[in-house]
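Here's the structure we're looking at; comments come further down.
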Amino acid sequence: QVQLVESGGGLVQAGGSLRLSCAASGRTFSSNAMGWFRQAPGKEREIVATISGGGGVTYYADSVEGRFTISRDNAKNTVYLEMNDLKPDDTAVYYCAARRGGAIGYYTTTYAYWGQGTQVTVSS
């Protein structure tokens, strides 16, 4: 069982930055690929970024490529999402998720564990 706790959300003006953190329980964190997803009101949950268990492979949604960076510190059981040049369209609840295996995944159904989410609001 893996428990995930996100932090770092908040209200920011367009063009600003935020750093989300996700702390994970469990002894085998480096075996789990991790992902950040987001869900805006009235929309489906969508992938933002994902990182492999060892950290060597990453993927970003087109909408955030070049602005967001996913990283992980396996010694601290933590995954991060650095968000720069934020736009009002980035407003959503952001969720951290973990897969059972180390390979990255693009779809919500391939993730076994989820955090409670953290709100990110970008004002224009």
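Source: prediction; values computed, not measured. For this chain, numbers begin at 1 and follow the sequence in order.
- A donor-acceptor pair under 3.5 Å links the side-chain atoms of E6 to the main chain of C96, judged by distance alone.
- Both Y111 and Y107 are assigned to one and the same hydrophobic cluster, defined by single-linkage of ILVMFWY side chains at heavy-atom distances under 4.5 Å.
- V2 and F29 fall within a single hydrophobic cluster, where Ile, Leu, Val, Met, Phe, Trp and Tyr side chains are chained together by heavy-atom contacts under 4.5 Å.
- Residues satisfying the salt bridge (charged side-chain N to carboxylate O under 4.0 Å, His left out) criterion with R38, sequence neighbours excluded, are E46, D90.
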Please tabulate, for the side chains in residues 15-23, all donor-acceptor contacts under 3.5 angstrom to protein atoms that are two or more places apart in sequence or on a different chain.
from : atom 1 : to  : atom 2 : distance (Å)
S17  : OG     : N84 : OD1    : 2.8

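- Listed here is the closest heavy atom pair of A14 and P88: CB-CD, 4.1 Å.
- Grouping the Ile, Leu, Val, Met, Phe, Trp and Tyr side chains by contacts below 4.5 angstrom, directly or via other members, places L81 with V120.
- Counting only distance, with no hydrogens or angles, the side chain of R99 and the backbone of G53 share no donor-acceptor pair below 3.5 Å.
- There is no path of hydrophobic side-chain contacts, each under 4.5 Å, that joins V79 to V93.
- Taken from CD in E65 to OG1 in T58, the straight-line distance is 8.0 Å, to the nearest 0.5 Å.
- Here side-chain hydrogen bond (donor to acceptor under 3.5 Å, both in side chains) pairs that include residues 115-124, with residues two or more places apart or in two chains, are Q119-T121.
- Screening residues 38-92 for ring-ring contact (aromatic ring centres under 6.0 Å, His included), with sequence neighbours left out, gives Y59-Y106.
- Cluster annotation: V57 and I47 are assigned to the same hydrophobic cluster (Ile/Leu/Val/Met/Phe/Trp/Tyr, side-chain heavy-atom contacts under 4.5 Å, transitive).
- A search for side chain to side chain contact (heavy atoms under 4.5 Å, CB included) contacts involving T108 returns F37, R45, W114, not counting sequence neighbours.
- Expressed to the nearest 0.5 Å, how far CG of L86 lies from CZ of R67 amounts to 6.5 Å.
- If you take CD1 on I51 and CG on N32, they are separated by 12.5 Å, rounding to the nearest 0.5 Å.
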Please walk me through it: do L4 and M34 pass side-chain contact (heavy atoms from CB on, under 4.5 Å)? CA-CA 10 Å; L4 305 172; M34 301 296 295; 3.9 Å; yes
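- When every heavy atom of K43 is checked against every heavy atom of Q39, the shortest pair comes out as O-NE2, 3.1 Å.
- Annotation: salt bridge (charged side-chain N to carboxylate O under 4.0 Å, His left out) contacts of K87 (sequence neighbours excluded): D85.
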